[in-house]
Amino acid sequence: MIPYGKQDIRQCDIDSVVDVLQSDWLTQGPVVPEFESSIASLVGATYAVAVNSATSALHLACLALGLGPGDRLWTSPNTFVASANCALYCGAQVDFVDIDPKTYNLSVERLEEELQLAQKSNTLPKVVVPVHFAGQSCDMERIHKLSKQYGFHIIEDASHAIGGAYQKQPVGSCAYSDIAVFSFHPVKIVTTGEGGVAVTNNQALADKMRRLRSHGITRNESEMTHEPDGPWYYQQLELGFNYRMTDIQAALGVSQLKSLAKYIERRNQLACQYTDHFLQLPVSVQSVSPDVISAYHLYVIRVPAAIHLSVFKSLRASDIGVNLHYIPVHLQPYYQQLGFSNGSYPEAEKYYQEAISLPMYPTLSNEQQLVVVHQVSQVLQQHASSNKSKVIL
Ligand SMILES: *Cc1c(COP(=O)(O)O)cnc(C)c1O
């Protein structure tokens, strides 16, 4: 089976982890801060707060921005459930903004329309979470403009997009957002096993997220309500969590980051090759804006809805580990219970009827890619001819 995604672990990654295992600190040692500063300088943000998942990072980002009961968070329905769940963790409400049928990202036109309506009904969001789907940054400049006009905060869910760029700046520079979040799950661009990070240029937000990832505790005297009782002293100032990343994970991350540029280059090369091959086939592919360098976490094709399921099954049967990103979040039973219904976000639902994620990872060889392309075109041909014979009959 050629999987749709796969981590790339080299000897240098293993050595880096073993070094930590043989050191004095498995967690809360020097490697987490080292990883954080590598991330911050790589993406051009001032602060990075490493945590045990992007889900935790999203949760802390929402809390740091003061999201709570009575507030609203808007995101794309074409995402992993975590981009929406973070609002519910804070007791806030979620709503979705339908996607652009070409980029599969949240549609900025729809966002603007929804904001106009929400202003009239006094239901404006406190936070908007643009998701950089498949590694392509959303149009952040326009979303940022809207945020100034309508007064909302922005958390970029950049789980797919580390190593990508927008308007010649790395994704995560937070030029147009308050906070950006990356995931280091093994299927993403670089991995720490499980892990995530929140980056920001705002010191108060960084301090708050850093405190909340470790129980709401501070050891910083200047934050305490009175003089320390002694050298052992710390204070819990608010209710936080244990969302810490370990040094073992961070060591893997530090080492993985050294390959990031190569990974992005290879992913872009594979994407280019896929796109060239698919020009001749009745499939559509994601359009990528000229001012974006996609990190290409995913490579998605859309096939006609009438043959989608059988194309998907045929590819799986021929050992191509295709997948589907994403089931629109509002169609999940949990969200339906909250009152969301089918038909609310027609572009995301139409996309779901057609999308197939093809194998995309840096160690996918050109030969393997050709096997994928060959299978896709064969399966499509079979379906085209069987459809035609149906028509003739
Ligand atoms: C993977 C992913 C997450 C969650 O990341 P974890 O590190 O697994 O918690 C959130 N949002 C998107 C868009 C993702 O792809």
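All ligand and atom numbering here is 1-based and tracks the order in the structure.
Note: no N/O pair closer than 3.5 Å links E194 and ligand 1 by distance alone. Between H185 and ligand 1, no N or O atom pair is found at a separation short of 3.5 Å. Distances between N or O atoms of Y326 and those of ligand 1 include at least one value under 3.5 Å. Looking at ligand 1, you'll find an N or O of A54 within less than 3.5 Å of one of its N or O atoms.
Counting only heavy atoms of the protein, atom 15 (O) of ligand 1 lies nearest to H160 NE2, 2.7 Å. Closest to atom 4 (C) of ligand 1, if we only count protein heavy atoms, is T55 OG1, 3.6 Å. Closest to atom 11 (N) of ligand 1 among all protein heavy atoms lies D157 OD2, 2.7 Å.
A side-chain donor from one of Y335 and N85 sits under 3.5 Å from a side-chain acceptor of the other. Looking only at atom types and distance, the side chain of N220 has no donor-acceptor partner in the side chain of T218 under 3.5 Å away. Defined by atom type and a distance below 3.5 Å, a donor-acceptor pair is missing between the side-chain atoms of Q336 and Y334. No donor-acceptor contact under 3.5 angstrom links the side chains of Q136 and H160, judged on distance only.
Using a cutoff of 4.0 Å between basic side-chain nitrogens and carboxylate oxygens, E238 and K208 are scored as salt-bridged.
Close approach to T79 involves these atoms of ligand 1, each under 4.0 Å from a residue heavy atom: 13 (C). Every atom of ligand 1 is numbered from 1 in the order shown, and the set under 4.0 Å from a heavy atom of S83 is 11 (N).
Contact between G195 and ligand 1 is present, with at least one heavy atom of the residue lying under 4.0 Å from the ligand. At least one heavy atom of K188 lies less than 4.0 angstrom from ligand 1.
Residue-level proximity to ligand 1 for S159 is carried by the side chain, the only part with a heavy atom below 4.0 angstrom.
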Checklist entry - Given the rule in the salt bridge (charged side-chain N to carboxylate O under 4.0 Å, His left out) test, do R10 and D8 qualify, once you have shown the distances and angles that lead to the verdict? => result CA-CA 6 Å; R10 311 269 175 104; D8 173 38; 3.0 Å; yes
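Looking at S365, its side chain does come within 3.5 Å of a backbone N or O of Q368 through a donor-acceptor pair.
The aromatic ring centres of F340 and F96 sit less than 6.0 Å apart.
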